[in-house]
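When a residue number appears, it is its place in the shown sequence, counting from 1. Every value quoted in this text rests on a predicted model; they were computed, and no experiment measured them.
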Amino acid sequence: MSYFAITSNHPRHVKFLETLYDHIDVPLVIVVDKGPITQEEADYFNSNLSLLHRTNILRCSKHQLHSNFVLQSLSKMDSKVGFVFGAPLLRKEIFELPEYGCVNIHTGMVNHYRGVDSSLWAMHDNNPDLIGATLHYIDKSIDAGEIISMDNISL
C-alpha cells in the first residue's frame with residue numbers, strides 16, 4: 001500500500017514523522033516550512049531534524065502547498081492513504097487524491113475542541129479529561145470529518 005504524509009518542520013511534527021517511518025514506508029513527505037527552528041525546540045522534542053533532508057522530502061511554504069508541482073507530485077503516487085499532522089488546511093484537490101482519503105492526526109478531542117491548541121483550550125476550560133487525540137478523515141470542514149478513533153488521556 002502506498003502512503004504520503006503532509007506535516008510541518010516543527011520538531012514535534014518531525015518526532016511524529018520519525019514514529020511513522022518506524023512503522024510504514026512513506027515514499028513522499030510534504031513538509032510545510034513554519035519558519036526557523038531553534039536547537040532548544042529540537043532538543044526538547046528529541047527530534048531528528050536530519051530527517052528533513054531525506055530525498056523523499058519535498059519542502060514548501062504554506063502558499064506553495066497547493067501549487068501544481070505539489071499536486072502533480074502527489075497525484076503520481078497513486079496513494080491509498082495520506083497522513084496529515086501539523087499542516088495547514090488542505091484543499092479538496094489534495095485530500096481527495098488518495099483512494100481511501102487523508103487521515104488527520106489531531107491532538108485533541110474534535111467533538112469538543114477543533115483547530116489548533118486543543119489541549120491548551122481544554123486546560124483553559126478546566127477540562128483535563130478532554131485532552132486526547134483523534135484520528136479522522138479530512139473533508140471540507142475543519143476537524144469535523146468522520147472519526148476513525150478518539151480517546152482521552154488517562155489521568
Handout entry: Gap between atom OG of Ser2 and atom CG of Asp25 - 0.5 Å precision
Key = 8.0 Å
Handout entry: Asn56 side chain to Tyr21 side chain, donor-acceptor N/O pair below 3.5 angstrom
Key = yes
Exercise for the section: Evaluate the side chain to side chain contact (heavy atoms under 4.5 Å, CB included) criterion for residues Asp143 and Thr134: first the C-alpha distance (whole Å), next the side-chain angles of each, then the deciding distance (0.1 Å), finally the verdict. Expected result: CA-CA 9 Å; Asp143 293 332; Thr134 305; over 6 Å; no
Problem - Pairwise side-chain contact, Trp121 with His124, heavy-atom cut-off 4.5 Å (strictly under) - result: yes
Practice task
Flag the pair Leu89 / Ile138 as yes when at least one side-chain heavy-atom distance between them is below 4.5 Å, and no otherwise.
Solution key: no
Handout entry: Partners passing ring pair (Phe, Tyr, Trp, His ring centres under 6.0 Å) against Phe4 (at least two apart in sequence or in another chain)
Key = none
Handout entry: side chain to side chain contact (heavy atoms under 4.5 Å, CB included) between Leu52 and Arg59, worked out
Key = CA-CA 8 Å; Leu52 298 178; Arg59 295 186 73 165; 3.9 Å; yes
Exercise for the section: Could you tell me whether the side chain of Ile105 reaches within less than 4.5 Å of the side chain of Val84, counting heavy atoms only? Expected result: no
Practice task
Pick out which of Phe45, Phe16, Tyr44 makes a ring pair (Phe, Tyr, Trp, His ring centres under 6.0 Å) with His10.
Solution key: Phe45
Practice task
Nearest 0.5 Å please: distance from the CD1 atom of Ile147 over to the NE2 atom of His136.
Solution key: 8.0 Å
Practice task
Could you pull out the closest heavy-atom pair between Gly86 and Ser8, with the gap in Å?
Solution key: O-CB, 3.3 Å
Problem - Student check: side-chain heavy atoms of Asp33 and Ser61 closer than 4.5 Å - result: no
Fill in the blank from the handout: Taking every heavy atom of Ile153 against every heavy atom of Pro128, the minimum-distance pair comes out as CG1-O, 4.5 Å
Handout entry: Linked, directly or transitively: Val103 and Val29 (ILVMFWY side chains, under 4.5 Å)
Key = yes
Handout entry: Donor-acceptor side-chain pairing of Gln39 and Asp43 below 3.5 angstrom
Key = yes
Fill in the blank from the handout: Minimal heavy-atom distance between Val110 and His106, with the atoms involved, is CG1-CD2, 3.2 Å
Practice task
State, yes or no, whether a side-chain contact exists between Phe83 and Ile24 at a heavy-atom distance under 4.5 Å.
Solution key: yes
Exercise for the section: Measure the spacing between CG of Leu71 and NZ of Lys76 and express it to the nearest 0.5 Å. Expected result: 12.0 Å
Exercise for the section: With Arg12 as the cation and Phe85 as the aromatic partner, state whether NZ or CZ is under 6.0 Å from the six-membered ring centre and within 45° of the axis. Expected result: no
Practice task
Please tell me if the side chains of Arg54 and Ile57 come closer than 4.5 Å, counting only heavy atoms from C-beta onward.
Solution key: yes
Handout entry: Rounded distance [0.5 Å steps], CG in Leu28 versus OG in Ser79
Key = 7.5 Å
Handout entry: Neighbour count >12 (heavy atoms, 6.0 Å) for atom CD1, Ile142
Key = no
Problem - From OH (Tyr3) to OH (Tyr100), nearest 0.5 Å - result: 10.0 Å
Practice task
Check the pair Leu135 / Met150 against side chain to side chain contact (heavy atoms under 4.5 Å, CB included), numbers first and verdict last.
Solution key: CA-CA 6 Å; Leu135 294 177; Met150 179 171 54; over 6 Å; no
Fill in the blank from the handout: Looking only at heavy atoms, the pair that brings Asn48 and Glu18 closest together is N-OE2, 2.9 Å
Practice task
List the atom of Ser118, the atom of Thr107, and the distance in Å for their closest heavy-atom pair.
Solution key: CB-O, 3.4 Å
Exercise for the section: Flag the pair Leu58 / Val31 as yes when at least one side-chain heavy-atom distance between them is below 4.5 Å, and no otherwise. Expected result: no
Practice task
Check the hydrophobic clustering (I, L, V, M, F, W, Y; side-chain heavy atoms under 4.5 Å; chains of links allowed) and say if Ile6 and Leu49 are grouped together.
Solution key: no
Exercise for the section: Output the distance between atom NZ (Lys140) and atom CG (Leu90), rounded to the nearest 0.5 Å. Expected result: 15.5 Å
Practice task
Check whether any side-chain N or O of Glu41 sits under 3.5 Å from a backbone N or O of Thr38 as a donor-acceptor pair, and report yes or no.
Solution key: yes
Handout entry: Minimum side-chain heavy-atom gap Lys80-Pro98 below 4.5 Å
Key = no
Practice task
Kindly determine whether Ile30 and Cys60 satisfy side chain to side chain contact (heavy atoms under 4.5 Å, CB included), including the steps that lead there.
Solution key: CA-CA 7 Å; Ile30 308 296; Cys60 66; 3.8 Å; yes
Problem - Non-hydrogen atoms of Asp139 and Gly145 that approach each other most closely - result: OD2-CA, 3.3 Å
Problem - Side-chain donor-acceptor pair present, Asp129, Asn152, cut-off under 3.5 Å - result: no
